[in-house]
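Here the structure is laid out as structure tokens; the discussion comes afterwards.
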Amino acid sequence: MSNEQKITTEIKVPNKDLEKLKIHFPHCFDKDGNFQLEKFKANLTEKEINFSTESYGLDWLGKSYARLLASDPATTLLKADETHNSKPENANSENLLIKGDNLEVLKHLANAYYEQVKMIYIDPPYNTGNDGFLYQDDRKYTVKELQQLIGIDEEKAKRILDFTKQKSNSHSAWLTFMYPRLYIAKQLLKDDGVIFVSIDDNEVAQLRLLMDEIFGEENFIASMIWNTGRKSMAKLIATNHEYCVIYANLKNKQSAEEIINEDDESEVNGKLWRERKQGLEPIYKRFEELKAEFGNDYAKISNGLKDFYDSLSDDNPSKAHDHYNLADATGVFFAGDISQGTGDGGRFDILHPVTNKPCKVPNGGWRFNENNLPDLLEKDLIYFGSDEKTIPCLKRYLHLTEFEVPSSVFYRDARGAKKRLKKLFGGADVFAFPKDEEVIKKFIRFCVLKGDIVLDFFAGSGTTAEAIYQLNSEDGGDRKFITVQIPEPIDPKKKESKAAYEFVVNTLKSEPTIFEVTKERIIRAGNKIKSEIEASNKKAGMFPEQKKQVPDVGFKIFETTPIWEDYNFEAEQFDSSQTLFDAGKLTEDDIKALLTTWKTYDGIALTQDLESVDLSGYTAYYGNGRLYLMHKGFTTDSLKALLEKIDTDKHFEPKSIIAFGYHFESKSLREISENVKTYNNKKKSDIDFITRY
Ligand SMILES: C[S@@+](CC[C@H](N)C(=O)[O-])C[C@H]1O[C@@H](n2cnc3c(N)ncnc32)[C@H](O)[C@@H]1O
């Protein structure tokens, strides 16, 4: 019931696959917990599963090392930016911006956000050769350690270590960088979550195979092609497109197409994986104008619509709907085929409403059966010709067919986003290639419901965060974002980053890193939306129903910070009876970082604050059934107060009590442990007492 843990240096991604194997194949593990592959194989073969001996896949120098990176412990703690987080707009926000290397951050998030994220959008370095991507690694493994950890020979271990120190931008280097990040990202995705990865020709081939390996080929949804209008300098073909590779994360379904959950759709009016057609508004507008001119004369209105389409140029989006050129009191429609076509449709009489004679039946028969006829007639959905000699048609209304399955190729000029970002920063050109927030919104609309979490761990200028703010402002949703950005220094010498450097140093008076641009962008985007809504609410003055609620346009900031070096050493040599580590030098901030890190490790969301609990003058922290005793000064009176509170306060039900070992005398730890044990026996409860170092 009482145990000792060294969590701080053991923050790893939980291996749920192993857990699942243990649950379903317990007999394939020996008594020391080792997995017995041969037993497992034999078991599956009995069930007629064939093991293929030849397989297809992706291999590169560093792949086994990349796997190690996905599973080795984090080397940092998480710390809150208290000044920022306590501002009124941020105090209750559920959005997150996290400063640090995303591999570290993802490891910290792996428990608290396991299967919590509905969508991931990332725009990683494309490895173009001049986008600054260089693989760097400060993990200090020796050849021997690496050999042991990943089971490779000495020569391979040496080659891998050379390669990680080389600052390479080879395909192997890029894959070694991406693999662990995507691997952990998958753990965060919900069962029906979706990941979108922007990429271009430099790494698209590698990315597809990598995604196949991590997410499974059956989870591939599409590789969208975005024509950005920006042409590359090339002698043969000027490339003006990039890709967005999309994979689902369906674990329990047969194919990615099963991602549409009918229940989910109702919440957003059937718009998941559908896009509203472009060019509708001008058609509706023209229809209203024609109605005002011709009243109920729908023949004239229909002619007017035809003229309208004729006047449009071929690339006008409304022109694509020029078959919707008929109208009645219900709206604009086109005359759809009523025949079965296959030759075995229904054959029965449909009387013409004017001549009262049976209309001509199409060769293949009607496409519906006789029972449906009264309903179609009642809803006025059959379009009759001037007499019974013309085969009738079905009315297909434009307003009922506004949504369509998105196409894999789309055009959106990349310059617009850059201009808008510049404007948001008062004219300063702070980011070289921001993505277009309208495109990110389009992706988010495909799959994200109103309360879902969206993660972007290559935040850059913070486009995904702004996209979330905008969508919530448009439809009153409460989607949340988690964005991660490394404090990458901004180079004042480079043409494309000079302005950003000057802006951050002179205007923001901050450290010249990209993180400061990300943070400022999100602040500015939030302020813009807030003032827009406030201004329009002011205008709406007398019509309260037109007023909009300002969505959550705040965000909380956390950052990674290295674990104290001697603490690491202590933990490695862990022996709680010999406390070499001098905890006396830890500051209040250090203790807070430890608490933030532990609570996240324990599955408590970063945006959830712990409650301070007073135990006879000693402050403890409580949340999600866990009570943290971090400080020095826990007395016998505190213990009494604690047990009394558990006994009397209905809302206080700790399942675990976690003490920071270095701040307790061993006598005191024993006293707590024994008292908790006695309490458990007396009250038939099951409270754990854990000492962490
Ligand atoms: C191509 S940009 C993303 C641009 C972004 N989509 C936008 O619209 O502005 C990639 C970003 O990832 C950041 N980055 C690169 N490696 C990272 C890492 N290991 N952890 C976190 N961020 C990283 C870079 O600093 C850069 O800002």
Side-chain angles (χ1 to χ4, degrees), residues 66 69-70 74-76 96-109 120-128 130-139 167 169 173-174 176-182 184-185 196-200 202-203 226 228 242-244 412 414-422 424-425 429-441 443-444 454-468 470 481-491 494 496-497 500 504 511-522 524-525 558-560:
L69 291 181
T75 58
T76 53
L96 284 169
L97 168 62
I98 307 174
K99 177 171 162 184
D101 181 342
N102 48 19
L103 181 57
E104 283 291 308
V105 174
L106 289 166
K107 286 180 182 177
H108 282 295
L109 299 184
I120 296 176
Y121 170 74
I122 50 167
D123 179 18
Y126 287 3
N127 205 10
T128 57
N130 53 17
D131 64 356
F133 174 75
L134 285 175
Y135 187 79
Q136 271 173 303
D137 196 328
D138 55 8
R139 279 179 166 66
K167 296 197 173 174
N169 66 352
W174 190 83
T176 304
F177 174 74
M178 292 302 289
Y179 177 91
R181 288 161 175 86
L182 287 168
I184 305 173
F196 294 68
V197 186
S198 280
I199 202 70
D200 75 2
N202 287 290
E203 295 292 355
W226 175 1
T228 60
E242 56 177 72
Y243 307 89
C244 189
R412 175 93 182 161
R415 284 168 298 195
K418 176 118 174 144
K419 268 192 213 146
R420 290 192 297 279
L421 184 62
K422 223 171 142 180
L424 191 66
F425 275 82
D429 184 4
V430 290
F431 203 79
F433 297 111
K435 282 285 178 287
D436 190 311
E437 68 282 6
E438 289 302 329
V439 173
I440 309 304
K441 277 160 74 179
F443 294 159
I444 295 173
V454 174
L455 166 68
D456 178 349
F457 49 92
F458 288 97
S461 68
T463 306
T464 303
E466 177 157 10
I468 294 284
Q470 288 190 10
F481 63 78
I482 304 176
T483 50
V484 185
Q485 174 58 43
I486 200 165
E488 182 180 323
I490 305 175
D491 188 346
K494 276 195 185 153
E496 64 271 21
S497 52
V504 176
E511 284 270 297
T513 71
I514 296 182
F515 173 83
E516 297 301 329
V517 174
T518 323
K519 174 179 163 188
E520 184 65 14
R521 156 77 172 284
I522 307 178
R524 287 180 180 232
F558 290 84
E559 66 178 280
T560 57

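Please read these numbers as outputs of a predicted model, since none were measured by experiment. One is the number of the first residue; the rest follow in order along the sequence. Start at 1 and go down the list; that is how both ligands and their atoms are numbered.
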Salt bridge flag under 4.0 Å for residues Lys99 and Glu104: no

Ion pair Arg420/Asp436, N-O distance below 4.0 Å: yes

Distance (rounded to the nearest 0.5 Å) between Cys244 SG and Ile440 CD1: 7.0 Å

CA sep, side-chain torsions, deciding dist, call: Thr513, Val504, side chain to side chain contact (heavy atoms under 4.5 Å, CB included): CA-CA 8 Å; Thr513 71; Val504 176; over 6 Å; no

Contacts of Glu520 that satisfy side-chain hydrogen bond (donor to acceptor under 3.5 Å, both in side chains) - sequence neighbours left out: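 Partners of Glu520 under the side-chain hydrogen bond (donor to acceptor under 3.5 Å, both in side chains) test: Arg524.
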
Tyr243, Phe458, Phe443 screened by ring pair (Phe, Tyr, Trp, His ring centres under 6.0 Å) with Phe196, the one that passes: Phe443

Ligand 1 polar-atom proximity to protein (N/O, under 3.5 Å):
residue, atom, partner, partner atom, Å
ligand 1, 6 (N), Asp123, OD2, 2.8
ligand 1, 8 (O), Lys435, N, 2.7
ligand 1, 8 (O), Thr463, OG1, 2.5
ligand 1, 9 (O), Ser461, N, 2.8
ligand 1, 9 (O), Ser461, OG, 2.6
ligand 1, 19 (N), Asp101, OD1, 3.1
ligand 1, 19 (N), Asn102, OD1, 3.1
ligand 1, 20 (N), Asn102, N, 2.9
ligand 1, 20 (N), Asn102, OD1, 3.1
ligand 1, 20 (N), Asn102, ND2, 3.2
ligand 1, 22 (N), Ile486, N, 3.3
ligand 1, 25 (O), Gln485, NE2, 2.8
ligand 1, 25 (O), Glu488, OE1, 2.6
ligand 1, 27 (O), Gln485, OE1, 3.1
ligand 1, 27 (O), Gln485, NE2, 3.4

